[in-house]
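Every value quoted in this text rests on a predicted model; they were computed, and no experiment measured them. Throughout, a chain's letter reflects where its sequence line sits, starting with A, and its residues are numbered from 1. These values consider heavy atoms only, across backbone and side chains, with no hydrogens, waters or symmetry-generated copies.
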Number of protein chains: 2
Amino acid sequence: MKCVTEKSEDKIREAAKRVFLKKGFDGTTSRDIAKEADMNIALTNYYFRSKEKLFLEIFKDVLEEYFQNMLTILNKDIDIKSKISEIIDNDFAMMKKEPDLVIFIMNEIHKSPQRLFPDMSIFRQVRETYLKKQLEEGAANGTLRPMQLENILPLIKCGVEFIFMGKEIHKELFMMTDEDFEKYAEEQKEHIKAMVCNYLVIG
Amino acid sequence: MKCVTEKSEDKIREAAKRVFLKKGFDGTTSRDIAKEADMNIALTNYYFRSKEKLFLEIFKDVLEEYFQNMLTILNKDIDIKSKISEIIDNDFAMMKKEPDLVIFIMNEIHKSPQRLFPDMSIFRQVRETYLKKQLEEGAANGTLRPMQLENILPLIKCGVEFIFMGKEIHKELFMMTDEDFEKYAEEQKEHIKAMVCNYLVIG
DNA sequence: ATAAATTTTAAACAATCATTTAAAATATTC
DNA sequence: GAATATTTTAAATGATTGTTTAAAATTTAT
């Protein structure tokens with residue numbers, strides 16, 4: 001049956017995601033979530049049993065959201081330079097669409113890593129992509145600097161994610177307005193693409 | 001007068017720094033701090049008036065700690081390649097010594113930037129270093145790719161800080177032990193140095 | 001339509017939060 | 001050494017926390 005009105009459980013889940021991303025687990029109260037969802041406070045526990053369980057459910061989704069698009073790109077049958085460019089463009093778009101996502105993930109995992117890693121099959125998927133094969137082949141035939149996935153992938157991702165995670169401090173440090181930052185981020189994106197490609201691709 | 005026993009105010013300040021860095025502002029209670037300092041709960045407010053005021057005082061120190069060493073290096077009269085290498089080594093050492101510092105700063109500023117920027121003269125100092133002059137001269141005489149400080153500095157810093165901020169997720173993603181990560185981080189440090197230098201320095 | 005199951009509600013729970021109080025203990029001053 | 005100022009203490013403040021309760025409202029099943 002198709003409902004025109006959203007189910008309460010989903011309303012709470014979506015509200016909780018927004019609040020958790022903005023305020024973090026510690027900074028979020030059950031009442032914050034209920035208010036954001038415009039629902040009675042008791043319903044968060046009626047549907048999810050506890051704030052902790054609701055959080056873990058949402059965190060799993062958020063972590064998959066973080067990796068999913070990148071995973072698709074990593075498996076594309078395109079040349080390395082295009083692949084790097086696409087990953088960076090994708091990262092860039094993600095940071096603009098969900099500015100809280102990466103710092104949220106980083107901070108929550110940093111504070112309590114043990115509780116946040118369930119059966120993450122997505123991790124295995126990231127380790128075993130077509131890019132890995134491309135790196136091996138490139139290293140073998142001398143077109144690429146020999147590097148492992150775990151070395152090149154952070155180099156690709158850190159540039160964009162770092163300046164967006166630290167958007168406010170970068171704005172303050174270099175006296176930028178929001179508009180300035182937009183232009184700056186675009187410049188930086190191209191620097192990163194060129195820098196990483198120059199380093200990885202030989203000749 | 002020299003006291004052999006530490007002053008209560010300093011004991012609280014140092015305890016508060018440890019707890020805030022580990023748990024963040026929202027995750028820290030006044031009782032956590034009092035317990036860590038092994039002092040009565042009322043003393044935190046006796047000396048600092050409120051948890052908020054204590055936090056702001058500590059945050060200012062932490063932010064200066066983050067920039068101070070880098071600032072010294074940026075002003076050194078050494079060639080660009082050595083300077084980049086030193087900044088990265090310094091960052092690396094800082095992340096090992098204070099693993100919570102950068103993610104703490106990033107997260108707190110991200111959550112509430114407006115309240116955390118006092119008269120930060122250190123920001124101006126970072127903008128006006130000898131490195132800036134070196135970049136201008138290098139661009140003018142063709143030895144360096146023309147880049148602004150705000151473009152090159154994040155490229156230098158993001159690599160090391162990113163993998164340490166995300167240490168636990170990188171360990172999980174690439175199935176590393178703590179020992180593995182140590183070796184991995186060392187490798188990565190050298191990749192970053194080479195990559196950034198190759199990109200900035202012409203020929 | 002009636003009964004049963006589900007969802008929503010207002011109210012309350014004990015625990016903990018940041019902060020304050022006022023008295024006790026200690027240190028300093030004269 | 002008495003008077004004063006400072007520091008520390010235990011206890012309490014009212015507000016807020018996550019969670020539960022039991023009744024009311026609504027939906028579903030018969």
Legend entry - Atom pair distance, as rounded to whole Å: CD1 in B:Ile33 and C1' in C:dT19: 13 Å
Legend entry - Row check, B:Phe164 ring normal vs B:Lys97 NZ/CZ: under 6.0 Å, within 45°: no
Legend entry - is_close_aromatic(A:Phe123, B:Phe174), centroid dist under 6.0 Å: no
Inset, instruction - Specify the separation, in whole Å, of atom NZ of B:Lys51 and atom P of C:dT20. - result: 14 Å
Legend entry - Nucleotide D:dT16, atom P - distance to NZ of A:Lys23 in whole Å: 13 Å
Inset, instruction - Assign a letter to each nucleotide of nucleotides 4-10 of chain C from its 5' end: B, base within under 4.0 Å of a protein heavy atom; S, sugar-phosphate only; -, no contact. - result: --SBBBB
Legend entry - A:Asn45 side-chain proximity, nearest of C:dA12, C:dT19, D:dT20: D:dT20
Legend entry - Whole-Å distance separating the CG atom of B:Asp26 from the P atom of C:dC17: 13 Å
Between the protein and nucleotides 24-26 of chain D, list the N/O to N/O atom pairs that are separated by less than 3.5 angstrom.
none

Inset, instruction - Check the side chains of B:Ser112 and B:Arg115 for a donor-acceptor pair under 3.5 angstrom, ignoring hydrogens and angles. - result: yes
Inset, instruction - Take atom CG of A:Asp32 and atom C1' of D:dT17, then tell me their distance rounded to the nearest Å. - result: 11 Å
Inset, instruction - Calculate the interatomic distance between B:Lys35 atom NZ and C:dT16 atom P; express it in whole Å. - result: 11 Å
Inset, instruction - Please find out if less than 6.0 Å separates the ring center of A:Phe20 from that of A:Phe104. - result: no
Inset, instruction - Send over the distance from B:Asp10 CG to D:dT7 P, rounded to a whole Å. - result: 12 Å
Inset, instruction - Can you establish whether the number of heavy atoms outside B:Gln114 located under 6.0 Å from its atom CD is more than 12? - result: yes
Legend entry - Salt-bridge contact B:Lys171-B:Asp178 (side-chain N to carboxylate O under 4.0 Å): yes
Legend entry - Electrostatic pair A:Lys132:A:Glu128 at N-O distance under 4.0 angstrom: no
Inset, instruction - Provide, to the nearest angstrom, the distance between the CZ atom belonging to B:Arg31 and the P atom belonging to D:dA12. - result: 14 Å
Inset, instruction - Could you walk me through whether A:His191 and B:Tyr199 pass the side-chain hydrogen bond (donor to acceptor under 3.5 Å, both in side chains) test, one step at a time? - result: CA-CA 9 Å; A:His191 278 307; B:Tyr199 186 66; 2.8 Å; yes
Inset, instruction - Examine the side chains of A:Lys23 and A:Thr28 and answer whether a donor and an acceptor come within less than 3.5 Å of each other. - result: no
Legend entry - Output field: ring centroids A:Phe25/A:Phe55 closer than 6.0 Å: yes
Legend entry - Estimated bend of the helix from C:dA1-D:dT30 to C:dA12-D:dT19 (axis per five terminal pairs, rounded to 10 degrees): 10°
Legend entry - Side-chain ion pair, A:Arg127 and A:Glu150, N-O less than 4.0 Å: no
